[in-house]
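Working notes, beginning with the structure itself.
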2 protein chains.
Amino acid sequence: MATPRTDPLTAEVVELIGTVVARYHTEYEQAAAKHSLTGAQARVLGLLTLEPMPMRRVAQQLKCEPSNITGIVDRLEAHGLVERRPDPNDRRVKLAAPTEEGAETARKLRESLDFAREPLAELSEEERTVLRDLLRRMLGERTS
Amino acid sequence: MATPRTDPLTAEVVELIGTVVARYHTEYEQAAAKHSLTGAQARVLGLLTLEPMPMRRVAQQLKCEPSNITGIVDRLEAHGLVERRPDPNDRRVKLAAPTEEGAETARKLRESLDFAREPLAELSEEERTVLRDLLRRMLGERTS
DNA sequence: TATTGTTATACTCTATAACTATA
DNA sequence: TATAGTTATAGAGTATAACAATA
């Protein structure tokens, strides 16, 4: 209640961002579906492709309960895209890691996510730079 | 495959948009949860606040199957936020409309969605105008 | 004792298909 | 016959709580 009424300009920007969010999600889900994956599965696979990690950490990155990761990794494992490896330093831990096929699928997934190019192609390089800087400022320093 | 490799600048903008999308979703779900609603329920309620409409049309707007809307409206109705009204012109149709309490909840929900202000407050009015124009261009003419 | 991953449970969202009542 | 909404069903994601193995 400390904030003033939202002005029309801000409201429009928020609405535009909402549209971006909706389109981003649609495209992400479609790209995942092309590889018979759900959005959550594709996100986990993409995450593991950056670096194999304990199940616990996957849950932290996805901001969900650890118990959920069990099922998602189960299904990725059933597809042959991910495997569980023992952690030599702590036998309680299981490291989730993409298989070779999983890494390949993740790569194709990133490519088929043409949200990357199609809408941004409308903008010149200079405009994209401006957009980048504005988004950076908007998102702040939070490394999180 | 007609598109060239994604350049680093575009890649960064895409990643920034991904961050915006993630934060938008988190805040949206949290705002909905404050009112004991799920994201889907909050979206439907927000939609109906703009204009009461047949169940069928709700499904079209949310891009999901009509059968799903039955349950979502059931739960909103159980919360006393939405009601089903007969359509005088076609007795097959049920118009979903917010109750007074539903409209009030939707209003609070919009306010508590401080994604609207907090991050954008970092930008000056001129910068927000630039951002608006870039997003408009990026999203194209589609009025939808 | 505390932590990791899992299981069990319950709820929601989602798509598909079959059903009903209207049109 | 076609359409609007519903029901039934199944799969997936989510949170909570309890559990086994390990630290």
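Throughout, protein chains are lettered first and strands after them, A, B, ... in sequence-line order, and every chain is numbered starting at 1.
Shown here are the salt bridge (charged side-chain N to carboxylate O under 4.0 Å, His left out) partners of B:E127, two or more places apart in sequence or in another chain: A:R137. Applying the salt bridge (charged side-chain N to carboxylate O under 4.0 Å, His left out) criterion to A:E104, with sequence neighbours excluded, gives A:R107. For A:Q30, the side chain to side chain contact (heavy atoms under 4.5 Å, CB included) test picks out A:T26, with sequence neighbours left out. In this view, A:H35 satisfies the ring pair (Phe, Tyr, Trp, His ring centres under 6.0 Å) rule with no residue, not counting sequence neighbours.
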Scoring nucleotides 9-18 of chain C by protein non-hydrogen atoms under 4.0 Å (B base, S sugar-phosphate only, - none) yields ---SSBBBB-
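Grouping Ile, Leu, Val, Met, Phe, Trp and Tyr residues whose side-chain heavy atoms lie under 4.5 Å apart, directly or via other members, places B:V93 in a hydrophobic cluster with B:L95.
Put simply, CG on A:D74 is 13 Å from P on C:dG5, counting in whole angstrom units. Rounded to an integer number of Å, the gap from CD of A:E29 to P of D:dG11 is 19 Å. The CG atom of A:L95 sits 13 Å away from the P atom of C:dT4 (whole-angstrom rounding). In this structure, B:R84 places its CZ atom 16 Å from P of D:dA4, rounding to the nearest Å. Atom CZ in B:R56 sits about 11 Å away from atom C1' in D:dT6, given to the nearest Å. Atom CZ in B:R57 sits about 16 Å away from atom C1' in D:dT3, given to the nearest Å. Taking atom NE2 of residue B:H25 and atom C1' of nucleotide D:dT14, one finds them 14 Å apart after rounding to whole Å. We find that CD1 of A:I69 is positioned 10 Å from P of C:dG5, with the value rounded to whole Å.
The structure places CZ of A:R136 at 11.0 Å from CG of A:L131, a figure rounded to the nearest 0.5 Å.
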Name every donor-acceptor pair, under 3.5 Å, that has one atom in a side chain of residues 75-84 of chain B and the other anywhere in the protein, sequence neighbours excluded.
{"residue": "B:E77", "atom": "OE1", "partner": "B:R84", "partner atom": "NH1", "Å": "2.6"}
{"residue": "B:E77", "atom": "OE2", "partner": "B:R84", "partner atom": "N", "Å": "3.2"}
{"residue": "B:H79", "atom": "ND1", "partner": "B:R75", "partner atom": "O", "Å": "2.9"}
{"residue": "B:E83", "atom": "OE2", "partner": "B:R85", "partner atom": "NE", "Å": "2.9"}
{"residue": "B:E83", "atom": "OE2", "partner": "B:R85", "partner atom": "NH2", "Å": "3.3"}
{"residue": "B:R84", "atom": "NH1", "partner": "B:D74", "partner atom": "OD1", "Å": "3.0"}
{"residue": "B:R84", "atom": "NH2", "partner": "B:T70", "partner atom": "O", "Å": "3.3"}
{"residue": "B:R84", "atom": "NH2", "partner": "B:D74", "partner atom": "OD1", "Å": "3.0"}

Residue pair A:R128, B:E12: steps toward the salt bridge (charged side-chain N to carboxylate O under 4.0 Å, His left out) verdict | CA-CA 10 Å; A:R128 274 174 291 177; B:E12 186 180 352; over 6 Å; no
Between the protein and nucleotides 19-22 of chain D, which nitrogen or oxygen pairs are less than 3.5 angstrom apart?
none

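Sorted by first and then second residue, the salt bridge (charged side-chain N to carboxylate O under 4.0 Å, His left out) pairs with a member in residues 37-56 of chain A read A:E51-A:R57; sequence neighbours excluded.
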